[in-house]
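First the structure, in the form of structure tokens, and then the observations on it.
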Amino acid sequence: MDHYDCERAQADYMGADPNDLHLHAAAVDNDCSVLLTNDRKLYASLDESQLDGLPYSVCTADDFFCDLAESSAVLLDQAVTCELQYWSKKCPDGVPDFADRLTRAECPRFAYLVKRALMRKSGLSPVDISKQFPLGEEYSSTMREYDIDALASISDDFYPGV
């Protein structure tokens with residue numbers, strides 16, 4: 001994003017930190033539909049109607065990745081497989097703990113989904129994963145309802161195509 005005008009965007013900026021005006025300006029001037037930030041204070045003072053009035057939705061990385069995983073378990077599978085392939089070449093003695101790294105990066109809900117995908121890849125059945133590691137209320141009702149189907153669409157192959 002090379003183009004944004006902070007002066008023009010200042011008129012409708014409602015964020016808490018004036019030093020974050022450039023984020024709003026870049027999002028508006030580049031017609032972004034989502035502002036992805038873990039800065040929970042940026043728009044914390046806004047009520048629901050004010051948030052709805054923004055020209056973009058604001059979400060955390062954890063929300064964003066969970067939304068992607070909910071939209072397609074195949075995308076989650078592909079992402080986990082790519083990470084496994086990458087790290088297995090980089091660290092032949094064992095891949096890092098993805099779930100731990102994601103949790104430390106403020107993505108605990110997505111970390112849990114990745115952990116479950118890794119269990120599926122290790123051969124655990126979707127039913128067993130769902131029983132042993134159920135999705136809690138922090139996940140959408142749709143995601144919970146189709147949990148076993150989503151897990152079933154994750155391959156149980158750690159390194160397809162390698």
Side-chain angles (χ1 to χ4, degrees), residues 1-90 95-118 120-121 135-155 159-161:
M1 283 190 225
D2 300 343
H3 171 75
Y4 57 90
D5 184 346
C6 286
E7 287 182 32
R8 182 178 52 227
Q10 192 164 12
D12 62 350
Y13 178 60
M14 296 185 284
D17 185 347
N19 293 322
D20 286 333
L21 171 62
H22 65 287
L23 298 173
H24 172 73
V28 170
D29 287 354
N30 290 280
D31 295 320
C32 294
S33 58
V34 176
L35 176 61
L36 187 61
T37 178
N38 280 350
D39 183 355
R40 288 166 170 69
K41 295 181 281 183
L42 181 62
Y43 289 114
S45 64
L46 301 184
D47 64 32
E48 202 63 39
S49 66
Q50 290 172 308
L51 285 171
D52 289 343
L54 292 172
Y56 46 80
S57 53
V58 181
C59 69
T60 65
D62 199 30
D63 292 336
F64 181 78
F65 291 131
C66 285
D67 287 349
L68 285 177
E70 181 174 355
S71 73
S72 172
V74 173
L75 287 176
L76 175 62
D77 182 29
Q78 291 171 343
V80 170
T81 299
C82 286
E83 286 298 301
L84 286 169
Q85 289 173 343
Y86 173 81
W87 287 105
S88 66
K89 292 174 188 166
K90 203 162 176 73
V95 296
D97 182 346
F98 300 139
D100 178 60
R101 287 176 177 228
L102 286 164
T103 299
R104 286 186 282 137
E106 298 182 44
C107 294
R109 292 182 314 118
F110 185 65
Y112 190 70
L113 297 177
V114 167
K115 180 179 178 178
R116 296 168 86 237
L118 289 167
R120 176 70 186 120
K121 290 194 158 304
L135 294 178
E137 294 295 318
E138 64 273 24
Y139 298 94
S140 75
S141 59
T142 303
M143 191 173 223
R144 291 192 312 272
E145 180 180 347
Y146 294 103
D147 183 37
I148 293 173
D149 292 337
L151 286 166
S153 69
I154 295 174
S155 74
Y159 306 105

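All residue numbers refer to positions in the sequence shown, counting from 1. Keep in mind the model is a prediction, meaning the values are calculated, not measured.
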For this session: Without swapping roles, check the side chain of Asn30 against the backbone of His3 for a donor-acceptor pair under 3.5 Å.
Result: yes
Problem set entry | Minimum heavy-atom distance between Ala73 and Ala150, given as atom pair plus value | CB-O, 3.3 Å
Problem set entry | From CA spacing to verdict: side-chain contact (heavy atoms from CB on, under 4.5 Å), Val114, Glu83 | CA-CA 11 Å; Val114 167; Glu83 286 298 301; over 6 Å; no
For this session: Just do the side-chain contact (heavy atoms from CB on, under 4.5 Å) check on Leu102 and Tyr112 with the steps written out, would you?
Result: CA-CA 9 Å; Leu102 286 164; Tyr112 190 70; over 6 Å; no
For this session: Give the intermediate values and the outcome of side-chain contact (heavy atoms from CB on, under 4.5 Å) for residues Leu113 and Cys66.
Result: CA-CA 8 Å; Leu113 297 177; Cys66 285; 4.0 Å; yes
Exercise. Do Arg40 and Glu106 meet the salt-bridge criterion of a basic N to acidic O distance under 4.0 Å?
Worked result: yes
For this session: Could you walk me through whether Lys41 and Asp17 pass side-chain contact (heavy atoms from CB on, under 4.5 Å), step by step?
Result: CA-CA 8 Å; Lys41 295 181 281 183; Asp17 185 347; over 6 Å; no
For this session: Could you tell me whether the side chain of Gln50 and the main chain of Asp47 form a donor-acceptor pair under 3.5 Å?
Result: yes
Problem set entry | Counterpart residues, side chain to side chain contact (heavy atoms under 4.5 Å, CB included), relative to Tyr56 (two or more places apart) | His24, Ala27, Val28, Leu35, Tyr43, Leu54, Val58
Problem set entry | Separation between CG of Leu42 and CG of Asn38, rounded to the nearest 0.5 Å | 11.5 Å
For this session: For a salt bridge (charged side-chain N to carboxylate O under 4.0 Å, His left out) with Arg144, tell me which candidate from Glu70, Glu138, Glu137 qualifies.
Result: Glu137
Exercise. Does any N or O in the side chain of Thr81 come within less than 3.5 Å of the main-chain N or O of Gln78, such that one atom is a donor and the other an acceptor?
Worked result: no
For this session: Indicate the atoms forming the closest heavy-atom contact of Ala61 with Cys107, along with that distance.
Result: CB-SG, 3.8 Å
Problem set entry | Sub-4.5 Å side-chain heavy-atom contact between Ser153 and Asp77 | no
Seminar exercise, completed: Residues Phe110 and Asp62: closest non-hydrogen pair is N-OD1, 2.8 Å
For this session: Examine distances only and state if a side-chain atom of Ser155 and a backbone atom of Lys121 form a donor-acceptor pair shorter than 3.5 Å.
Result: no
Exercise. Near Tyr139 OH, under 6.0 Å, is it more than 12 heavy atoms from other residues, nucleotides or ligands?
Worked result: yes
For this session: Nearest 0.5 Å please: distance from the CG atom of Asp29 over to the NE2 atom of His22.
Result: 13.0 Å
Exercise. Any ion pair linking Arg104 and Asp100 (charged N to carboxylate O, less than 4.0 Å)?
Worked result: yes
Exercise. Looking at CH2 of Trp87 and CG of Asp97, how far apart are the two atoms once the value is rounded to the nearest 0.5 Å?
Worked result: 12.5 Å
For this session: Measure the spacing between CG of Leu36 and CG of Asp63 and express it to the nearest 0.5 Å.
Result: 9.0 Å
Problem set entry | Name of the residue among Val80, Leu76, Ile154 meeting side-chain contact (heavy atoms from CB on, under 4.5 Å) with Arg120 | Ile154
Exercise. Asp39 and Thr37: side-chain hydrogen bond (donor to acceptor under 3.5 Å, both in side chains), yes or no, with the steps?
Worked result: CA-CA 5 Å; Asp39 183 355; Thr37 178; 5.0 Å; no
